[in-house]
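Report on one structure; see the data block that follows.
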There are 2 protein chains.
Amino acid sequence: MTSSKTDPRVLRTRKLIMDAFIELSGKKEFKDITVKDLTAEAMINRATFYYHFEDIYDLLEKALSEVLFVNLDSHWFKGKEPDEDSLVRIFTAITNFQTSLSNRCHRGYEDTIARIIREQLQVIFYQMLLTQKNTEEDAALNMTAVLLSWGIYGASVEWRRSAREVPPEDYIKLAIPYLMSGLKS
Amino acid sequence: MTSSKTDPRVLRTRKLIMDAFIELSGKKEFKDITVKDLTAEAMINRATFYYHFEDIYDLLEKALSEVLFVNLDSHWFKGKEPDEDSLVRIFTAITNFQTSLSNRCHRGYEDTIARIIREQLQVIFYQMLLTQKNTEEDAALNMTAVLLSWGIYGASVEWRRSAREVPPEDYIKLAIPYLMSGLKS
DNA sequence: TCGGATCTGTCGTTTATCCGACAAAGGGAC
DNA sequence: GTCCCTTTGTCGGATAAACGACAGATCCGA
């Protein structure tokens with residue numbers, strides 16, 4: 001398909017680094033994690049880290065994207081339309097994701113994390129929209145994806161701010177009818 | 001000390017293989033584990049396996065030695081005399097080890113496993129005996145270590161055969177007085 | 001403000017690992 | 001028995017990862 005088969009050593013090393021990052025994130029704050037720490041935990045050489053990532057912020061970005069990607073189970077959404085069911089699943093996935101993140105002390109990087117989540121959502125929404133519209137409206141689809149990603153993300157912020165009194169699926173269902181009527185036009 | 005520092009890749013790869021072996025041992029019998037299975041689980045190339053081990057029996061041997069070594073906490077015994085406390089600890093360690101092994105379905109390789117355990121015990125007893133005797137009696141010490149390793153191992157076989165009605169520490173304590181009186185001469 | 005220490009990125013060289021292919025040996029199914 | 005398929009070891013050539021050294025950045029206590 002896409003791939004000219006990436007070297008297994010690369011996949012393995014990336015996984016080792018990611019796992020080490022997750023592990024260390026549980027022990028100390030992001031700002032206190034050094035590349036040396038990471039590579040020691042991952043059992044790889046420091047130079048090898050720079051072979052795969054620009055710096056530790058690049059790692060943060062890619063690691064979060066990957067975790068979020070798995071949480072969102074992107075394959076499941078590919079080819080689906082953005083119906084109520086999909087939106088509920090996406091919303092609960094990212095609220096779960098953020099809840100698990102808040103245990104991990106990434107204070108001071110909320111902005112970065114938020115951006116990563118929105119970018120990931122945007123990609124997924126764009127792919128979903130592609131299945132029901134033709135590609136000539138590309139710019140419009142992209143814009144819609146942007147709006148949806150910000151909207152859903154914002155809803156998750158508000159949900160957390162509301163002290164999580166309502167289950168996320170109930171919370172998002174309130175807004176969905178309005179969204180859906182617009183999307184079908 | 002000893003080392004001209006083995007390459008970290010070697011240590012990492014060995015660990016990956018060992019872990020994969022432990023993992024697979026829980027799922028299927030030893031005879032059904034292929035090198036291909038192992039290397040897939042370990043995320044390494046099949047050729048790399050043969051770089052580290054002669055074949056899968058070689059792996060069995062080294063993996064068991066390592067697990068047993070950890071169980072026996074060899075560092076703890078180094079420099080100790082073979083007193084009652086040490087013997088009880090060793091005996092309970094290997095009975096624990098074998099109990100955990102019996103969950104892992106290595107049927108058909110009891111002989112190999114038994115040999116590995118005895119060899120490991122022999123090394124440990126020899127080191128312990130060295131601390132109280134001088135090296136001129138080397139052959140005698142070695143012979144004593146052999147006897148002790150077979151004796152303790154045999155006791156563990158009998159203990160398991162007795163349906164484990166008595167706690168291992170009580171079981172071995174029955175025999176120890178006779179051993180000790182002999183050892184001190 | 002200075003100095004020591006640690007961390008960061010980068011480089012050229014060496015080495016462990018990957019790949020793909022190979023012959024040989026086993027193990028079912030028929 | 002004969003096929004077919006999988007596993008086993010082994011090889012030479014390609015490549016990712018390790019090493020150790022380096023200059024510059026950053027931090028922190030004196």
Side-chain angles (χ1 to χ4, degrees), chain A residues 1-25 27-64 66 105-109 112, chain B residues 1-25 27-64 66 105-109 112:
Chain A
M1 295 270 277
T2 65
S3 58
S4 49
K5 261 199 242 177
T6 56
D7 193 307
R9 285 171 285 185
V10 170
L11 298 176
R12 193 210 311 135
T13 299
R14 289 217 187 109
K15 176 168 160 50
L16 288 169
I17 294 176
M18 298 273 188
D19 289 349
F21 182 58
I22 303 284
E23 176 66 24
L24 285 183
S25 294
K27 293 183 189 162
K28 48 171 87 174
E29 297 195 25
F30 174 74
K31 71 174 174 47
D32 295 328
I33 297 177
T34 71
V35 176
K36 207 180 164 197
D37 288 339
L38 257 173
T39 55
E41 174 82 28
M43 301 183 72
I44 59 142
N45 190 274
R46 204 164 55 82
T48 306
F49 174 87
Y50 292 103
Y51 183 91
H52 294 282
F53 303 96
E54 284 202 355
D55 51 33
I56 208 160
Y57 302 99
D58 185 35
L59 169 64
L60 173 65
E61 195 146 332
K62 289 177 177 161
L64 289 187
E66 182 155 312
C105 306
H106 282 117
R107 269 168 292 173
Y109 290 88
T112 306
Chain B
M1 295 270 280
T2 65
S3 58
S4 49
K5 262 200 240 176
T6 57
D7 193 306
R9 283 172 286 186
V10 170
L11 298 175
R12 194 211 306 137
T13 299
R14 290 219 186 108
K15 175 168 161 49
L16 287 170
I17 295 176
M18 297 273 189
D19 289 349
F21 181 59
I22 302 284
E23 176 66 22
L24 285 182
S25 294
K27 293 183 189 164
K28 47 171 87 173
E29 297 194 25
F30 174 74
K31 71 175 173 49
D32 295 329
I33 297 177
T34 70
V35 176
K36 206 180 164 197
D37 289 339
L38 257 173
T39 56
E41 174 83 27
M43 300 182 73
I44 59 142
N45 190 274
R46 205 165 53 83
T48 306
F49 174 87
Y50 292 103
Y51 184 91
H52 294 282
F53 303 96
E54 285 201 357
D55 51 32
I56 207 160
Y57 303 99
D58 185 35
L59 169 64
L60 173 65
E61 195 145 332
K62 289 177 177 161
L64 289 187
E66 183 156 311
C105 306
H106 282 116
R107 269 168 292 173
Y109 291 88
T112 306

Inset, instruction - Decide side chain to side chain contact (heavy atoms under 4.5 Å, CB included) for B/F49 and B/L59; before the verdict, give the C-alpha distance in whole Å, the side-chain angles of both, and the deciding distance to 0.1 Å. - result: CA-CA 9 Å; B/F49 174 87; B/L59 169 64; 3.9 Å; yes

Distance in angstrom units between [X] [atom1] and [N] [atom2], rounded:
{"X": "A/D58", "N": "C/dT8", "atom1": "CG", "atom2": "C1'", "value": "15 Å"}
{"X": "B/L11", "N": "D/dA17", "atom1": "CG", "atom2": "P", "value": "17 Å"}
{"X": "A/I44", "N": "D/dC19", "atom1": "CD1", "atom2": "P", "value": "11 Å"}
{"X": "B/D32", "N": "C/dG26", "atom1": "CG", "atom2": "P", "value": "17 Å"}
{"X": "A/L16", "N": "C/dT17", "atom1": "CG", "atom2": "P", "value": "13 Å"}
{"X": "B/D7", "N": "C/dA16", "atom1": "CG", "atom2": "P", "value": "5 Å"}
{"X": "A/F49", "N": "C/dT10", "atom1": "CZ", "atom2": "P", "value": "11 Å"}
{"X": "B/I33", "N": "D/dT7", "atom1": "CD1", "atom2": "C1'", "value": "15 Å"}

Measure the shortest side-chain to side-chain distance between [X] and [Y] over non-hydrogen atoms and say whether it is less than 4.5 angstrom.
{"X": "B/K28", "Y": "B/I33", "result": "yes"}
{"X": "B/M43", "Y": "A/K15", "result": "yes"}
{"X": "A/D19", "Y": "A/L16", "result": "no"}
{"X": "B/F21", "Y": "B/L60", "result": "yes"}
{"X": "A/E41", "Y": "A/K27", "result": "yes"}
{"X": "A/V35", "Y": "A/F53", "result": "no"}
{"X": "B/E54", "Y": "B/E61", "result": "no"}

Show the distances under 3.5 angstrom between N or O atoms of the protein and N or O atoms of nucleotides 21-25 of chain C.
none

At under 4.0 Å, does any side-chain N or O of [X] touch on OP1 or OP2 of [N]?
{"X": "B/N45", "N": "C/dT17", "value": "no"}
{"X": "A/Y50", "N": "C/dT10", "value": "no"}
{"X": "B/T13", "N": "C/dT17", "value": "yes"}
{"X": "B/H52", "N": "C/dA16", "value": "no"}
{"X": "B/Y51", "N": "C/dA16", "value": "yes"}
{"X": "B/R12", "N": "C/dT17", "value": "no"}

Legend entry - Candidate nucleotides C/dT8, C/dC11, C/dT17, ranked by approach to the side chain of A/A47 - the nearest: C/dC11

Legend entry - Selected nucleotide, minimal atom distance to B/T34 side chain, candidates D/dC19, C/dC18, D/dT7: D/dT7

Legend entry - No-H, no-angle donor-acceptor pair, B/R9 side chain to C/dT17 base, under 3.5 Å: no

Legend entry - Result of checking B/L38, B/T34, B/T39 against B/R46 for side-chain contact (heavy atoms from CB on, under 4.5 Å): B/T39

Inset, instruction - Assign each of A/E54 and A/P8 to its nearest nucleotide of DNA chain C by heavy atoms, then name whichever residue's nucleotide is nearer the 5' end. - result: A/E54

Write out a two-atom table: protein N or O, nucleotide N or O from nucleotides 25-29 of chain D, distance below 3.5 Å.
none

Inset, instruction - Might you point out which heavy atoms bring B/T48 and B/I44 nearest each other, and give the distance in Å? - result: CB-CD1, 4.1 Å

Inset, instruction - Indicate, with a heavy-atom threshold strictly under 4.0 Å, whether A/R14 touches base, sugar-phosphate, or nothing. - result: nothing

